[in-house]
*Asks:* 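Below: one structure in structure tokens.
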Amino acid sequence: MIDLQSFRDDTRQWLEENCPTSMRTPVTDTKAVCWGGRNGTFQSVEQKQWMERMGARGWTAPMWPKEYGGGGLSKTEAKVLREELERINARSPLDSFGVWMIGPALLAFGSEELKQQHLPPIVRGEIRWCQGYSEPNSGSDLAALQSKAVDMGDHYKVNGQKVWTSYGDQADWMFCLVRTDPDAKKQSGISLVLFDMETPGVTPKPIKLISGSSPFCETFLEDVRVEKNQVVGEVNQGWTIAKYLLTHEREMIGGFGLADAGAQNLWEVAVGALGLEEGRLSNSFLRQDVTRWEIDAAAFALTAERVTDQAKVGQGVGATSAMLKYYGTELNKRRYEVMMKLQGTEAMGWEGTASQDGWLPKTWLRTKGNSIEGGTSEVQLNIIAKNILGLG
Amino acid sequence: MALVLSDEQQMLKESAQGFFTEFAPISEMRKLRDLDEDYSTGLWQQMVAMGWAAILVPEAYGGLGFGHVGMGQIVEQSGRKLTASPLFSTAILGASMIQAAGTEGQKSSLLSAIANGDLTTALAVDESAFHAPEQIAMKAERTSQGYCLNGVKRHVVCGHVAETLIVAARTAGCAGDRQGISLFLVDAGSAGVTVERVPTVDSRSIANISFVDVELASDAVLGEPGLGYSALASTLDIGNAHLAAELLGIASESFDCTLQYLKERKQFGVLIGSFQALQHRAAHWWSEIELCKSVVLKSLQALDEGDPNAPALISISKAKLCEIAELSTNEAIQMHGGVGMTDEYDIGLYIKRARPVQALFGDFSYHGHRFANMAGY
């Protein structure tokens, strides 16, 4: 039995010595988020130090095995680490699709060679990954994807076009769904392959969104060489891994409905915006909007907690990630609709210091994508109806 | 505490499920309706024999002290079968009120009587159509022997069948004050007490009770005179947590029955459950019920743990369940189509029970407002 208290003491001491003071303040803008990568830009020396120190210790992926650079922590130790990080308000040392998505998929399905090659650089924040899933003609109908990988004997040649590649222009490697068997039925014949974004023929182009930002790219693939050992799992069995990854993604996006740690309650935002008259928000309609949201948000947060607790004891219906994704994203959209109303005409400012460069309307517009990306709300409802309710 | 049932709570839930399915199917509710009876005393005795009247009574007073999560499982299952009984008025409200406010002597005599099924009680609080416990105006004047009650209480659950009424009245202050509210134990047969039975939409009845110069001895006060509000408030919170559990039973059963119907009913040559228009509504409805399960369980746990946040959690729970009970009972009828409107099908009975449960001790608007007040906006 490992002594948790001594682990906690050691962790606390290490964090005390290694977490720079400036990394113990809330993240206020997107530049403060650290993504790492070959071309990673850092807001400060401390930000880089924090990522590197945590990465060297494996604590950017605390529960991955040590042999692949991870922290090798047990569930309870990882919880202690999380608590100690929260205690000092430490920023996330690394945000990473590698840690969140392709890493877990490699651990579950990848060959030893792929794990050795890809996992350690992910942990250290050296390689930034992006996801090649959707295509212009396969959005919700993902399995209809047409990007082709032709067997050239010692390698594959990939041609096609991906879209909604998150940060494709800043990523180093892509995990990508391609069709390896053109004659097989839809879901069969798909493989998950990995390639470097600097491979000739890979061209990411940013897409400008209504929010003004460009977090996504369309990525053109023209005669891209992919080595044979870069297929994750079995050839033509990629759909299973794709579904596994989609579940991960759903859970991640569903979490958007949960208030960020340290974020203000909506009612506090309302009080700040409208003020109180005799202890109440003066606008009774907005007071009701805020209250309905707060009640649903509390119920949703408790549900996320309950689903986790149920899973721990082997109860529950499974497939609840579809519900959490659906409800969480719709809730987040509602939150920002109310936030806009709370600022009245002041909410419309798009540039300039008064509006913080349009922070609110830009964030509000970005939330509209929450119920589309990672499977639309309608797709989630389909999954619930079929997999949970048994409606065919 | 993890948001799951313990093994013991799970066992109680399953036992309640089996009990109501076997002894209290909807056909029993229809029989009582035809006989114009409020509840089946035989069934209530069976429930007492199961120990359910004793669940909230501490072991020191002859009860089981099993807690609110356990009781909530029984209430939820009884909600599924629309079962009327004194469980709510007596084993929940009566037991909680006496425990919260009573003197040692009152607790030892009354709580064991409740646990044994020898006493039924009714809580008389509201005086208008809208729940407002601080607005109690009914007067209890000090007399040489004790107190004299004058006033009217409305919508008293089990008020026409209970032997003992627990009446909240004012010995000081005026409507709006929290101070000055006293709780009285009143024999339902006392001179000056007139009970008017009012049949309600759910084929049950409630009582409007008038008190005219009702003379009470000094020891009729439950606990300390003038200090009844906090015990009343905590009992009403407990009541609302369990009303939410009953609404969860109503919403869940409406959903389950409707889902079954979607898999049986054919139109245009196919099962109507194959239509995406209905699938998406069913999936949304299911999601909402999942949220309801979480808030109901959390608020019951909060009561068992003495969580200071319990009042806010209970208002969240009652408010959410009012909304989703409304959604559920409307969707249930609509998706059943024409037969949903018939008295022959059970599904239409659920909307008739849901609304009185929603309204009792405050509906969505009351609890939304209360939540906002507690938060400070």
Side-chain angles (χ1 to χ4, degrees), chain A residues 265-272 274-276 279-281 284 286-288 290-292 294-317 320 322-328 330-331 377-378 380-392, chain B residues 1-7 10 255-256 258-260 262-263 270-276 278-299 301 309 312-313 315-324 364-365 367-373 375-377:
Chain A
N265 289 314
L266 186 57
W267 71 263
E268 289 171 317
V269 176
V271 170
L274 304 177
L276 295 174
R280 283 186 205 170
L281 294 176
S284 64
L286 285 174
R287 186 172 185 257
Q288 197 184 120
V290 168
T291 302
R292 281 180 190 277
E294 289 285 0
I295 287 171
D296 286 343
F300 179 72
L302 286 169
T303 302
E305 193 183 323
R306 187 171 63 86
V307 165
T308 311
D309 289 345
Q310 277 188 326
K312 279 185 202 152
V313 295
Q315 293 176 13
V317 290
T320 42
M323 180 265 288
L324 295 176
K325 202 277 175 184
Y326 163 63
Y327 213 103
E330 295 295 340
L331 200 55
S377 283
E378 290 70 22
Q380 307 309 321
L381 291 171
N382 283 345
I383 292 171
I384 295 169
K386 288 198 169 58
N387 297 357
I388 299 176
L389 306 182
L391 294 171
Chain B
M1 183 179 271
L3 278 172
V4 289
L5 296 180
S6 70
D7 290 345
Q10 182 65 30
F255 176 79
D256 291 350
T258 305
L259 182 59
Q260 192 54 39
L262 294 179
K263 295 175 180 178
V270 293
L271 293 171
I272 60 173
S274 66
F275 298 134
Q276 198 176 43
L278 296 183
Q279 287 178 358
H280 281 191
R281 275 161 61 181
H284 171 77
W285 181 5
W286 177 84
S287 304
E288 290 286 13
I289 288 177
E290 285 297 302
L291 266 68
C292 288
K293 289 178 185 169
S294 314
V295 289
V296 167
L297 180 57
K298 180 68 180 181
S299 56
Q301 284 184 347
N309 202 28
L313 287 166
S315 272
I316 288 172
S317 177
K318 181 76 186 298
K320 182 72 189 165
L321 267 293
C322 284
E323 288 286 272
I324 302 312
F364 177 86
S365 66
H367 286 283
H369 183 59
R370 182 172 179 252
F371 171 84
N373 284 343
Y377 68 98

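Each chain gets a letter, A, B and so on, in the order its sequence line appears, and its residues count up from 1.
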*Asks:* Under 4.5 Å heavy-atom distance to chain B, tell me which part of Ile295(A) shows up: side chain, backbone, both or neither.
*Replies:*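 Contact with chain B involves both backbone and side-chain atoms of Ile295(A).
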*Asks:* Which bit of Lys320(B) comes within less than 4.5 Å of chain A, counting heavy atoms only: side chain, backbone, both or neither?
*Replies:* both
*Asks:* Would you say the side-chain atoms of Gln279(B) pair up with the backbone N or O of Leu381(A), donor to acceptor, closer than 3.5 Å?
*Replies:*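 A pair under 3.5 Å: no.
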*Asks:* Is His369(B) close to chain A through its backbone or its side chain, or both, or neither, when contacts mean heavy atoms under 4.5 Å?
*Replies:* both
*Asks:* Yes or no on side-chain contact (heavy atoms from CB on, under 4.5 Å) for Asp296(A) and Tyr327(A), after CA distance, side-chain angles and deciding distance?
*Replies:* CA-CA 10 Å; Asp296(A) 286 343; Tyr327(A) 213 103; 3.9 Å; yes
*Asks:* Measure from the side-chain N and O atoms of Ser274(B) to the backbone N and O of Val270(B), and report whether any donor-acceptor pair falls under 3.5 Å.
*Replies:* no
*Asks:* Any side-chain donor paired with an acceptor under 3.5 Å for Thr320(A) and Glu290(B)?
*Replies:* no
*Asks:* Given heavy-atom pairs under 4.5 angstrom as the criterion, report whether the side chain, backbone, both or neither of Glu378(A) touches chain B.
*Replies:* both
*Asks:* Please rank Glu305(A), Arg287(A), Glu294(A), Lys386(A) by heavy-atom pairs under 4.5 Å with chain B and give me the top one.
*Replies:*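 Sorted descending by pairs with chain B, the first entry is Arg287(A).
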*Asks:* Among Thr291(A), Leu276(A), Leu389(A), which has the most heavy-atom pairs under 4.5 Å with chain B?
*Replies:*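 Option with the top pair count is Leu389(A).
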*Asks:* Is a salt bridge present between Lys312(A) and Asp309(A), judged by a nitrogen-to-oxygen distance below 4.0 Å?
*Replies:* yes
*Asks:* Which atoms of Val290(A) come close to chain B, meaning under 4.5 Å heavy atom to heavy atom: side chain ones, backbone ones, both, or neither?
*Replies:*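 Both backbone and side chain.
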*Asks:* What part of Tyr377(B) gets closer than 4.5 Å to chain A, counting heavy atoms only: side chain, backbone, both or neither?
*Replies:* both
*Asks:* List the steps, then state whether side-chain hydrogen bond (donor to acceptor under 3.5 Å, both in side chains) holds for Ser377(A) with Glu330(A).
*Replies:* CA-CA 8 Å; Ser377(A) 283; Glu330(A) 295 295 340; 2.5 Å; yes
*Asks:* Does any N or O in the side chain of Glu323(B) come within less than 3.5 Å of the main-chain N or O of Phe364(B), such that one atom is a donor and the other an acceptor?
*Replies:* no
*Asks:* Can you say whether Phe275(B) sits under 4.5 Å from chain A via the side chain, the backbone, both, or neither, judging by heavy atoms?
*Replies:*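 No part of it gets close to chain A.
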